[in-house]
Amino acid sequence: MAEVTRRGLLAGAAVLGGSAAGLTVQGVAATSAAAASPPPGSPPPLGPVKVGPDDPRYQSLTRRGCNARFVGKPDYVRVVGSTEQVVSAVQQAVREGKRIAVRSGGHCFENFVDEPSVRVLIDTSSMSAVYYDARRQAFAVEPGALLGEVYRRLFLGWGVTIPAGATTEVGVGGHVLGGGYGALSRRHGLSVDYLDAVEVVVVDKSGKATSVVATRDPSDPHHDLWWAHTGGGGGNFGIVTRYWFRDPAAPQGTDPSQLLPRAPESVTSFSASWSWKDLDQRSFTQLVRNHGRWHEHNSGPDSPYAGLFSLLMLNTRKYGSITLAGRLDSTGSRAQRLIDDYVAAISQGVGARPTRGHEVQPWLEAAARMEESAPAPFKSKAAYLRKCFTTRQIDVIHEQLSGKAGGELEGSLWLVSYGGKVNSVPADATAVAQRDSILKAIYLTGWEAQQDPQPRLTWVRDFYRAVYADSGGVPVPGAVSDGCFINYPDIDIADPALNTSGTPWHTLYYKDNYPRLQRVKARWDPRDEFRHTLSVRPPK
């Protein structure tokens, strides 16, 4: 389960990062001249390649999604290396009347890419260029680039970075579409807060496809398409083939090394673990309450703890321990003092003493370490928190983790630090509507391929519903909760048997931004060619 947990949800949260929602596509035709070109001297793009079930490459391409719970069986896979190749591949599939899905990094948590109706899989992993585009005075990143390589190239070339996930195997393609957050987000904000432009293949009412570049500039006639890609999620409006990033506050003509946040020189990683044997209900409650209240008081944009990112892993008793892990984007005596004070605040009144650990690393070593791992089956559910859990909720959490099921099954509730600079942006400035939360909650369980998944699926679903029992089994936006995160998609939210709140799934994910997303959908995908279980619906 440790491997399931790491691969499944480090797929995008920062000691984690922000996972990638899948792109589903149907019905694209031809491209336009709007596409940008890679820098001079670049090698020709790989592809196009067509791989069928009898090809030895087929299993590698169809089974590289991080969640092994879902494995698609498309008629063939197209490996593409350019916008033009994407259009050609999609056009062929449309002529054949086959439904299409697109995979970049492969970190979609649900079956949006692997559902049985998908007959053609377009693999964009070879579209991995990262370079400075002097014409746009911004950094261009293709959708197949993995976060580890994005960090490496931006840092070695210019000493800069973007605030994004810490799981280096995540592809940029879907990660950015859902907002993109990670270890530097409390300091610098979300990935989409630096999105200057996006290249998208869209399909008009007649079925003709064009490649459109949409920008942050409000006078751009395509501006609404740019806005929809700042947190609207994948599989809604078209296929992204390129992103451009720059700080919106950077003036024109600025040196490239000043166009994005400077990467820290080094980071201090730390951990603190409490044995379940040393925790009773009172001490557990104190620990969770300390953690939540600390974040209530230290998640402002100007907090001295803006550079601290942490993850409290509330594991089932079967794991044996509860762990707080994190990193601070600085080193030295002041950094160590901040970490010590933080751990002391979380530990106050708990009684049990945690086992401590820490490590100082150069930033690139900590941020860009590539660790390939095998897919594993898992189920996750998520929520935003505006405040600490209520006493009733903490009681439920304790029972679920330490009771009979918690002693037999492997599962966790992760509380991921949030807020800081993220909360300095208005809720309607981007498609990310949750701009005053302090934590993300991730409920998860995993299993080996030969194990029966049903007991674990039942446990995590019951756990989630019990925590949010006061609001119909889901985190309805209110004083404590603030809905769900689209890059951790959960189709249960759209199931009326599991969501009895009367609040529709799209309000939980998008809140008041959903009607605008629907208008963008109507304009740029009027045929509803790009769709999945939780995709934006055309307005009626």
Side-chain angles (χ1 to χ4, degrees), residues 5 9 13-16 166 182-183 185-187 267-300 303-317 319-331 333-360 383-391 393-398 400-402 412-420 422-423 437-443 467 480:
T5 299
L9 283 201
V15 179
L16 298 118
S185 288
R186 281 169 55 90
R187 174 79 74 190
V267 299
T268 304
S269 300
F270 64 92
S271 65
S273 293
W274 293 264
S275 172
W276 261 112
K277 293 184 297 184
D278 299 329
L279 298 174
D280 57 16
Q281 183 167 358
R282 184 209 62 80
S283 55
F284 177 90
T285 297
Q286 189 67 42
L287 178 65
V288 176
R289 184 175 288 136
N290 286 347
H291 180 264
R293 289 180 175 171
W294 187 93
H295 282 84
E296 288 179 13
H297 295 108
N298 294 277
S299 295
S303 168
Y305 284 94
L308 184 144
F309 182 87
S310 70
L311 166 64
L312 179 61
M313 291 177 277
L314 300 173
N315 304 314
T316 55
R317 187 177 291 277
Y319 272 117
S321 63
I322 288 171
T323 298
L324 176 69
R327 63 177 65 166
L328 188 71
D329 62 1
S330 61
T331 58
S333 59
R334 181 176 181 274
Q336 192 60 56
R337 186 166 57 254
L338 285 171
I339 292 170
D340 289 344
D341 290 347
Y342 172 58
V343 175
I346 305 305
S347 303
Q348 186 175 11
V350 173
R353 293 175 60 86
T355 301
R356 295 281 305 275
H358 79 277
E359 180 182 15
V360 175
Y384 287 94
L385 276 78
R386 283 173 157 156
K387 291 184 178 180
C388 178
F389 285 119
T390 66
T391 299
Q393 288 177 315
I394 297 175
D395 289 345
V396 168
I397 294 167
H398 179 265
Q400 292 288 333
L401 297 176
S402 68
S412 301
L413 166 56
W414 289 4
L415 298 176
V416 188
S417 62
Y418 202 60
V422 173
N423 291 350
S437 296
I438 60 170
L439 292 164
K440 286 190 181 185
I442 310 170
Y443 305 73
V467 171
V480 174

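Other residues, nucleotides and ligands place more than 12 heavy atoms under 6.0 Å from the CD atom of E359.
Atom CD1 of residue I322 and atom CZ of residue R317 lie 8.5 Å apart, to the nearest 0.5 angstrom. The line from OH of Y305 to NE2 of H295 is 11.0 Å long, rounded to the nearest 0.5 Å. Distance check: D278 CG to S283 OG gives 8.5 Å after rounding to the nearest 0.5 Å.
Residues meeting the side-chain contact (heavy atoms from CB on, under 4.5 Å) test with Q286, sequence neighbours left out: R282, N290, V350. The side-chain contact (heavy atoms from CB on, under 4.5 Å) check on N423 picks up nothing, with sequence neighbours excluded. Partners of F284 according to the ring pair (Phe, Tyr, Trp, His ring centres under 6.0 Å) rule, which considers only residues two or more places apart in sequence or in another chain, are W276, H398.
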One pair to check against side chain to side chain contact (heavy atoms under 4.5 Å, CB included): Y384 and I438. What are the steps and the verdict? CA-CA 8 Å; Y384 287 94; I438 60 170; over 6 Å; no
Side chain to side chain contact (heavy atoms under 4.5 Å, CB included) for L324 and M313? Distances and angles first, verdict last. CA-CA 6 Å; L324 176 69; M313 291 177 277; over 6 Å; no
May I have the step-by-step check of side chain to side chain contact (heavy atoms under 4.5 Å, CB included) for I346 and W274, ending in yes or no? CA-CA 11 Å; I346 305 305; W274 293 264; 4.3 Å; yes
Is there a side chain to side chain contact (heavy atoms under 4.5 Å, CB included) between Y418 and L385 once you walk through the steps? CA-CA 9 Å; Y418 202 60; L385 276 78; over 6 Å; no
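In this structure, the side chains of L415 and L314 come closer than 4.5 Å at one or more pairs of heavy atoms. Within the 4.5 Å cutoff, side-chain heavy atoms of L308 are placed close to those of F270. The shortest side-chain heavy-atom distance between K387 and R293 does not fall under the 4.5 Å cut-off. Between L328 and Y342 there is no side-chain heavy-atom pair separated by less than 4.5 Å. Residues I397 and L413 meet the side-chain proximity criterion, which asks for heavy atoms closer than 4.5 Å. R386 is not listed as a side-chain neighbour of V480, based on a closest heavy-atom distance of 4.5 Å or more. You'll find the side chain of L439 reaches within 4.5 Å of the side chain of H291, heavy atoms only. The shortest distance between side-chain heavy atoms of W414 and Y443 does not fall below 4.5 Å.
No side-chain donor from either of R186 and S303 sits under 3.5 Å from a side-chain acceptor of the other. Using a 3.5 Å distance cut-off with no hydrogens or angles, the side chains of S321 and S275 do not pair a donor with an acceptor.
Residue Y319 comes nearest to S412 through the heavy atom pair CE1-OG, 3.5 Å, listed as atom of the first residue, atom of the second, then distance. Contact between L338 and P304 at its shortest, heavy atoms only, is CD1-O, 4.1 Å. Residues C388 and V288 share a closest heavy-atom pair of SG-O, 4.1 Å.
Remark: side-chain polar atoms of S299 are not paired, donor with acceptor, to backbone N or O of E296 under 3.5 angstrom. When atom types are taken as modelled, the side chain of S417 and the backbone of S310 share a donor-acceptor pair closer than 3.5 angstrom. Looking only at distances, a side-chain donor or acceptor of T268 sits under 3.5 Å from a matching main-chain atom of S330.
The existence of a salt bridge linking R356 and D340 is confirmed by a sub-4.0 Å separation between a basic side-chain nitrogen and an acidic carboxylate oxygen.
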